[in-house]
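Below you'll find the structure, written out as structure tokens, and then a few comments.
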Amino acid sequence: MNRFLQLFLNYGLVAAILVWAATVALMAYHLTESPWRWAFVLMSLAGLGTIGVIFWIRKYVQRVGKAQQEVGKAQ
């Protein structure tokens with residue numbers, strides 16, 4: 001159960017955004033003659049961009065944490 005909780009805490013937000021982006025993309029797919037179609041496509045792409053930003057921030061924070069640990073060990 002601990003492993004599931006850890007995965008949920010790490011990737012729950014990403015999964016929720018991915019489900020939302022897929023839902024919006026499906027709505028855009030079914031709006032064939034609507035002027036809102038491209039707005040929905042852009043919102044779906046923005047959701048995917050948000051996931052990319054989340055992973056970039058996570059990687060940045062891990063790098064900074066490792067650098068601080070290495071500086072602490074060197075002193």
Side-chain angles (χ1 to χ4, degrees):
M1 189 63 161
N2 260 349
R3 178 75 175 146
F4 174 74
L5 183 61
Q6 189 66 33
L7 284 173
F8 180 75
L9 290 174
N10 285 336
Y11 297 106
L13 177 62
V14 171
I17 293 171
L18 190 62
V19 168
W20 173 84
T23 304
V24 172
L26 279 174
M27 289 190 309
Y29 177 74
H30 289 288
L31 290 173
T32 54
E33 296 295 325
S34 176
W36 289 98
R37 182 178 194 171
W38 296 110
F40 279 56
V41 168
L42 290 176
M43 286 192 316
S44 180
L45 292 175
L48 295 177
T50 302
I51 290 172
V53 169
I54 288 171
F55 282 128
W56 180 79
I57 290 172
R58 181 179 293 164
K59 190 181 294 186
Y60 175 76
V61 168
Q62 288 174 350
R63 267 194 319 239
V64 169
K66 284 182 183 179
Q68 287 178 351
Q69 286 178 353
E70 288 175 5
V71 168
K73 288 180 183 178
Q75 291 178 353

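Counting begins at 1 with the first residue of the sequence. Keep in mind it's a predicted model, so treat the numbers as computed, not measured.
Val61 meets the side chain to side chain contact (heavy atoms under 4.5 Å, CB included) test with Ile57; sequence neighbours excluded.
Side-chain contact between Tyr60 and Arg63 is present, with heavy atoms from C-beta onward closer than 4.5 Å. Within the 4.5 Å cutoff, side-chain heavy atoms of Leu48 are placed close to those of Leu18.
A continuous path of hydrophobic side-chain contacts links Met27 to Met43 [ILVMFWY only; heavy atoms under 4.5 Å]. Residues Leu13 and Ile51 share a single hydrophobic cluster, defined by chaining ILVMFWY side chains whose heavy atoms lie under 4.5 Å apart. Linking ILVMFWY side-chain heavy atoms closer than 4.5 Å, directly or via other members, places Phe55 and Ile17 in a single hydrophobic cluster. A continuous path of ILVMFWY side-chain contacts below 4.5 Å connects Trp38 to Leu45, so both sit in one hydrophobic cluster.
Scanning all heavy atoms of the two residues, the minimum distance from Val24 to Phe40 falls at CG1-O, 3.2 Å. Considering every non-hydrogen atom in both Ala21 and Ser44, the closest pair reads O-OG, 3.0 Å.
Taken to the nearest 0.5 Å, the CZ atom of Arg58 stands 5.0 Å off from the OH atom of Tyr11. Atom OG1 of Thr32 is separated from atom NE2 of His30 by 10.0 Å, given to the nearest 0.5 angstrom.
Annotation: Trp20, atom CH2; neighbour count of heavy atoms from other residues, nucleotides and ligands within 6.0 Å is above 12.
The main-chain N or O of Val19 is found under 3.5 Å from a side-chain atom of Thr23 such that the two form a donor-acceptor pair.
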